[in-house]
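Single-structure report; data block below.
Since we're looking at a predicted model, the values are computed, not measured. Atoms considered below: every heavy atom in the structure, side chains included; atoms not considered: hydrogens, waters and symmetry mates. Sequence lines set the chain letters: A, B, ... in the order given, protein chains first and strands last, and positions in each chain run from 1.
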Amino acid sequence: MPELPEVETTRRGVEPYSRGCTVETLVVREPRLRWPVPDDLPDRLRGQLIEAVERRGKYLLFRTASGSLMVHLGMSGSLRVQDRAEPPLQHDHVDILMHEGHCLRFNDPRRFGSFLWLPHGESHPLLSHLGPEPLSGGFDGDYLYRRSRGRRGPVKSLVMDGKVVVGVGNIYANEALFLSGIHPARAAGRVSRARYGVLAEHIKRVLTSAIEQGGTTLRDFVGGDGKPGYFAQQLFVYGRGGQPCKRCGATLREVRIGQRSTVYCVACQR
DNA sequence: CGCTGACCCTGACGGC
DNA sequence: TGCCGTCAGGGTCAGC
């Protein structure tokens with residue numbers, strides 16, 4: 001389940017094998033992804049030079065002169081550098097083949113991922129309403145505070161709302177709220193400006209550290225057997241419901257907020 | 001506009 | 001052993 005750090009790790013992993021390369025073709029074995037892969041996508045990409053590999057939220061953007069290939073990994077997708085002679089396995093839905101010989105292979109058991117086209121100079125409806133990047137200067141406590149006023153839903157839902165800020169998935173929302181001492185179910189509008197400052201800092205910190213961690217698995221990833229890893233030993237709450245809080249020893253509670261599993265410490269988080 | 005819940009999908013897992 | 005229900009979760013969207 002890729003979160004922003006895994007997507008950024010993927011971006012860095014595939015960039016050396018795609019930027020500056022020319023697309024030979026796109027092989028679509030299974031077009032039924034989150035949205036159907038457009039029929040004309042291979043034609044649009046064929047012969048195009050990849051000028052850059054960018055990321056917006058959890059979308060990967062392979063930029064060419066005529067537009068960008070938008071790839072989303074969904075929650076079970078991966079994009080790996082592979083030998084094109086390697087026979088495709090189950091759920092290997094798409095290959096991006098380069099004239100230089102490289103093959104980027106997209107595997108996605110649950111097919112929540114997507115391959116879409118963004119014409120040059122246009123905005124895409126899936127991108128146009130996205131909030132700021134969490135690691136950018138535009139994202140800070142004052143911003144979160146402003147966006148939270150009048151909102152009565154849980155603060156956890158606020159930070160996971162892509163229209164507020166992109167790329168904060170369930171794992172890191174749980175972790176950042178724990179590190180900030182904020183109860184995940186607290187009404188967003190009833191969290192102080194100061195506490196939003198703390199929360200914004202922890203969101204940045206936890207994402208940055210996860211990206212650095214992802215960097216250490218980059219070689220594996222390019223090699224093909226890449227397990228993301230999640231630096232599980234560093235997780236304070238996610239996946240630890242019923243276990244003792246690493247800070248105070250109290251039993252961590254698990255509830256559902258917005259259909260997502262939420263773990264927190266009743267003593268440390270208010 | 002804000003919030004809730006349904007939905008897309010497959011694999012893992014527990015109970016019987 | 002195998003069947004079945006449940007859960008997992010990124011993100012969009014309909015409906016209130």
Q.
Just to be sure I understand the rule, does Q90(A) reach a base, reach only the sugar-phosphate, or reach nothing, if contact means heavy atoms closer than 4.0 Å?
A. sugar-phosphate
Q) Which whole-number value in Å describes the distance from L73(A) CG to dG10(C) C1'? A) 10 Å
Q: Could you tell me whether D142(A) and R193(A) make a salt bridge, using a distance below 4.0 angstrom between a side-chain N and a carboxylate O?
A: yes
Q.
Mind checking if G153(A) touches a base, just sugar-phosphate, or nothing, with heavy atoms under 4.0 Å?
A. sugar-phosphate
Q: Answer yes when R46(A) and D43(A) have at least one side-chain N-carboxylate O distance shorter than 4.0 Å, and no when they do not.
A: yes
Q: Return the value, rounded to whole Å, for the distance between atom CE of M75(A) and atom C1' of dC7(B).
A: 14 Å
Q.
Is there a side-chain contact between Y238(A) and the phosphate of dG9(C), meaning an N or O under 4.0 Å from OP1 or OP2?
A. yes
Q. Is the ring centre of F178(A) less than 6.0 Å from the ring centre of Y264(A)?
A. no
Q. In whole Å, what is the span from the CD atom of Q259(A) to the P atom of dA8(C)?
A. 11 Å
Q.
It should be established whether H72(A) places a side-chain nitrogen or oxygen under 4.0 Å from OP1 or OP2 of nucleotide dG11(C).
A. yes
(Q) Please report the distance, rounded to the nearest Å, between NZ in K163(A) and P in dC3(B). (A) 10 Å
Q. Looking at dT12(C), dT10(B), dT4(B), which one has an atom nearest to any side-chain atom of Y59(A)?
A. dT12(C)
Q. When all nucleic acid strands are considered with a 4.0 Å heavy-atom cut-off, which category describes R147(A): base, sugar-phosphate, or nothing?
A. nothing
Q.
I'd like to know if E133(A) and R55(A) make a salt bridge, using a cut-off of under 4.0 Å between side-chain N and carboxylate O.
A. yes
Q) Can you check the R34(A) CZ to dT12(C) P distance for me, whole Å? A) 8 Å
Q: Determine the contact category for S157(A): base if any of its heavy atoms lies under 4.0 Å from a base atom, sugar-phosphate if only primed atoms, P, OP1 or OP2 are that close, otherwise nothing.
A: nothing
**Q.** Whichever of R152(A) and R111(A) has its nearest DNA chain B nucleotide further upstream toward 5'
**A.** R152(A)
Q: Name the closest nucleotide to the R151(A) side chain, picking from dG11(B), dG2(B), dT12(C).
A: dG2(B)
Q) Is the backbone of L235(A) close enough, under 3.5 Å, to the side chain of K246(A) for a donor and an acceptor to pair up by distance? A) yes
Q) Within the structure, does a side-chain N or O atom of R260(A) lie under 4.0 Å from either OP1 or OP2 of dG11(C)? A) no
With 3.5 Å as the limit, what N/O pairs link the protein to nucleotides 3-6 of chain C?
none

Q: Ignoring backbone atoms, establish whether H129(A) has a side-chain N or O less than 4.0 Å from OP1 or OP2 of dT12(C).
A: no
Q. What nucleic acid atoms does L126(A) come within less than 4.0 Å of, heavy atoms only: base, sugar-phosphate, or nothing?
A. sugar-phosphate
Q: Look at the rings of H93(A) and F106(A) and say which category their plane angle falls in: under 30° parallel, 30 to 60° tilted, over 60° perpendicular.
A: tilted
Q. Given atom CD of E3(A) and atom P of dG11(C), what is their separation to the nearest angstrom?
A. 8 Å
Q: Verify, without hydrogens or angle tests, whether D108(A) (side chain) and F112(A) (backbone) share a donor-acceptor contact under 3.5 angstrom.
A: yes
Q. What is the distance from CG of L4(A) to C1' of dG10(C), rounded to the nearest Å?
A. 13 Å
Q | Separation of atom CG in N170(A) from atom P in dG11(C), rounded to whole Å | A | 11 Å
Q) If you check every side-chain atom of F112(A), which of dT12(C), dC9(B), dG5(B) has the closest atom? A) dC9(B)
Q. Would a 4.5 Å heavy-atom cut-off, applied to side chains only, mark P134(A) and L4(A) as touching?
A. yes
